[in-house]
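Worth knowing before you read on, the calculation uses all heavy atoms, side chains too, and leaves out hydrogens, waters and symmetry mates. This chain uses plain numbering: 1 for the first residue, then up along the sequence.
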Amino acid sequence: MDNQLKDFKPYIPADKVVPEFTSTAIIIGIFMSIVFGAANAYIGLRVGMTISASIPAAVISMGIIRGIMKRDSILENNMVQTIGSAGESLAAGAIFTLPALYIWSQELGMEVPSLLRIVIISLSGGILGTLLMLPLRKALIVNEHGILPYPEGTACAEVLIAGETGGTKAETVFKGLGIGSAFKFITDGIRLFPSEIEWAIPGYKGAAIGMDTLPALLGVGFIIGPQISAYMLSGAVLGWFVLIPLMTNLGQYITDIIYPASVPLSQLDYWGIWSNYIRYIGAGAVAFGGILSLIKSLPLIIRTFKEALGGLKTTTGSTSNLRTDEDMSIKGALIGVLAIVIFIGATDFIPVGIPGALIIAIFGFFFATVSARLVGLVGSSNNPVSGMTIATLLITSILFKSIGFDGEAGMIGAISVGSVICIIAAMAGDMSQDLKTGFLVGATPRKQQYGEIIGAVASALVIGLVLMLLDRAWGFGSNELPAPQATLMKLVVEGVMSGNLPWALVFMGVGIGLVVEILGIPILPFAVGLYLPIHLSTPIMLGGIIRGILEKKEDDNIKEKIDGGVLFSSGLIAGEGLVGILLAVMAIIPVGGVTLADKVAFGNYALGQWGSLVFFAGLAYLLIRKSFYAKIEK
């Protein structure tokens with residue numbers, strides 16, 4: 001390790017100063033933070049997955065700064081992706097938990113969370129995640145160079161360095177963004193054709209096949225690849241081709257009402273059975289998968305924590321005059337952490353009291369440390385953030401109930417603690433990847449750390465508005481926004497606090513998860529597929545198939561072609577997410593007794609389901625063009 005570190009030279013040498021923390025980089029970075037944060041919030045609430053904004057933000061930045069403004073600084077581009085990806089990570093952490101508060105307001109009549117509360121929860125998690133990572137940089141990024149690969153951070157550095165030669169990649173992202181936006185507006189805005197199509201299976205009562213013909217789902221499938229897409233679809237097939245038809249068949253002979261439904265099985269169609277029963281089975285499988293992933297990671301987590309703290313001791317007191325070794329004040333960071341924890345415990349803005357503040361301090365430090373090192377080994381996509389959050393919620397709910405802090409107040413408090421911890425873990429993981437990118441390209445760590453805080457603050461100020469808007473337009477837990485992770489976190493808290501869950505269904509999901517684990521199949525993608533309607537898994541599978549066929553081609557430029565598809569897919573996802581939020585705004589603006597969204601929707605689905613299928617096939621063709629036939633920059 002010492003030799004590798006001694007021989008290492010960043011792309012921009014430490015003794016060279018180039019534009020980095022400029023007003024241009026900050027403004028573009030804040031814009032990216034808001035755009036990708038908002039788009040990821042919408043897509044994550046709809047699909048249950050988010051995308052990394054680092055590479056798309058870096059590519060768009062290169063297109064603007066290098067292509068349009070004719071400025072030449074890789075460190076400015078790196079600053080843009082640092083700020084932009086911080087916003088996306090904060091949004092991902094927020095949507096995993098905070099929508100539970102809105103769902104309770106609908107189901108239990110609780111008070112709707114105020115915009116100020118959502119912003120303060122998001123800000124606290126975002127800033128704590130950033131500050132708690134600061135002391136770990138030298139231990140994890142510098143001393144462990146050559147040992148911890150940090151795959152996403154390394155990939156982003158490669159993109160930035162490669163981007164010094166041209167701007168075709170930025171054009172690919174922008175095209176995807178434009179096409180994704182136009183497609184979403186035509187289908188869900190103008191409503192020329194439906195975005196959800198389905199057919200009942202003839203002769204197989206209760207079974208149905210469907211598809212949401214939307215650009216983001218196709219893009220998600222291409223990004224996650226054929227294997228994960230297939231796991232998701234297999235979970236959906238179990239739900240929609242096995243469990244729902246089974247219940248439909250049994251419903252002919254059962255006249256009693258089975259909780260949680262309010263009518264007999266015989267009166268429920270496949271959507272009714274999915275809503276009342278399959279979702280709880282899927283939630284049990286997802287919870288089991290999250291907890292199991294955490295348990296399986298425990299030896300690694302404990303070793304990671306010890307090694308990170310050991311590395312921290314070896315770097316304490318070390319000083320360097322190099323630009324690439326400058327960090328924000330560790331003393332100032334610790335004071336900031338203490339101030340935020342005291343603020344949480346002493347005020348009602350985050351209603352958790354002193355016990356909740358202590359849990360946030362302890363779990364926040366532990367999971368920030370674990371997350372920052374774990375993503376260096378397994379990558380951000382395999383970071384068990386949901387498992388960490390479920391564990392936090394279980395322990396917090398049990399502790400709160402044991403001290404009499406239960407009922408509605410205890411439930412809100414537990415979710416608030418879980419939200420802050422989830423955001424901390426997501427932020428610490430993202431920040432370590434960004435700092436790895438900066439280490440490789442020769443960025444100034446202190447300036448990157450300021451950039452992380454700026455991105456977190458920008459996204460936190462906007463995420464509350466996004467959540468409030470989406471809730472008013474469609475409501476969380478609806479077909480439009482299933483909010484799978486947040487619904488799961490809500491069930492965990494309810495299960496401990498009130499015990500009124502349909503436990504038999506939840507444990508069926510646990511049993512299915514156990515079988516899947518024994519078979520050696522990753523539980524979480526399978527469980528998410530079981531939890532969500534099959535309509536989401538089928539277009540994701542199509543994107544995965546396109547990627548799978550491309551990967552099997554014998555081609556010297558295969559990596560560049562896959563990158564082209566990933567960038568186009570990222571554009572599709574961002575475009576749909578932004579138009580989804582635009583449509584939510586239009587859905588709450590009254591115009592002449594109806595909403596603006598209703599005024600715009602003059603298409604009346606004229607082209608029908610087959611028209612939707614044809615347009616979606618055209619979209620798939622464009623993805624093939626942008627990947628199989630991507631322009632290769634020499």
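- When atom types are taken as modelled, the side chain of Trp104 and the backbone of Glu111 share no donor-acceptor pair closer than 3.5 angstrom.
- The two residues Pro482 and Thr487 have their closest heavy-atom pair at O-OG1, 3.2 Å.
- The list of salt bridge (charged side-chain N to carboxylate O under 4.0 Å, His left out) pairs with a residue in residues 452-466, not counting sequence neighbours, is empty.
- In terms of modelled atom types and a separation under 3.5 Å, the side chain of Ser105 and the main chain of Val112 share no donor-acceptor contact.
- In terms of modelled atom types and a separation under 3.5 Å, the side chain of Lys401 and the main chain of Met497 share a donor-acceptor contact.
- Nearest approach of Ala91 to Ile463, heavy atoms of both residues: CB-CD1, 3.8 Å.
- A donor-acceptor pair is defined here as one N or O able to donate and one able to accept, closer than 3.5 Å; no such pair exists between the side chain of Ser33 and the backbone of Gly84.
- Listed by first and then second residue, the salt bridge (charged side-chain N to carboxylate O under 4.0 Å, His left out) pairs involving residues 481-491 are Glu107-Lys490, Lys490-Glu494 (not counting sequence neighbours).
- Side chain to side chain, Gln106 and Asp471 meet the donor-acceptor criterion of an N or O pair below 3.5 Å.
- Within the 3.5 Å criterion, the main-chain N or O of Met328 finds a donor-acceptor partner in the side chain of Gln449.
- In this structure, Met489 and Phe96 approach most closely via the heavy-atom pair CG-O, 3.3 Å.
- Formation of a donor-acceptor pair under 3.5 Å by the Gln448 side chain with backbone atoms of Asp434 is found in this model.
- Within the structure, side chain to side chain donor-acceptor pair (under 3.5 Å) pairs that include any residue of residues 387-399 do not occur (at least two apart or interchain).
- For Gly429 against Val375, the heavy-atom pair with the smallest separation is O-CG2, 3.6 Å.
- The number of heavy-atom neighbours closer than 6.0 Å to CZ of Phe405, taken from other residues, nucleotides and ligands shown, is above 12.
- Sorted by first and then second residue, the pairs that involve residues 410-433 and meet side chain to side chain donor-acceptor pair (under 3.5 Å), not counting sequence neighbours, are Ser85-Asp430, Ser89-Asp430, Thr97-Ser419, Glu152-Gln433, Ser380-Gln433.
- The shortest heavy-atom contact between Ala483 and Gly477 is CB-N, 4.4 Å.
- Pairs of residues two or more places apart, or lying in two chains, that qualify as salt bridge (charged side-chain N to carboxylate O under 4.0 Å, His left out) and include a residue from residues 37-56 are Arg46-Asp212, Arg46-Glu480.
- The two atoms that bring Leu470 and Ala584 nearest to each other are CD2-CB, 3.9 Å, heavy atoms only.
- A donor-acceptor contact shorter than 3.5 Å links the side chain of Glu576 to the backbone of Ala216.
- A side-chain donor-acceptor contact under 3.5 Å links Ser459 to the backbone of Gly87.
- Between the side chains of Thr444 and Glu326, not a single donor N or O lies within less than 3.5 Å of an accepting N or O.
- Residue pairs satisfying the ring-ring contact (aromatic ring centres under 6.0 Å, His included) criterion with at least one member in residues 334-355, sequence neighbours excluded, are listed as follows: Phe343-Phe349.
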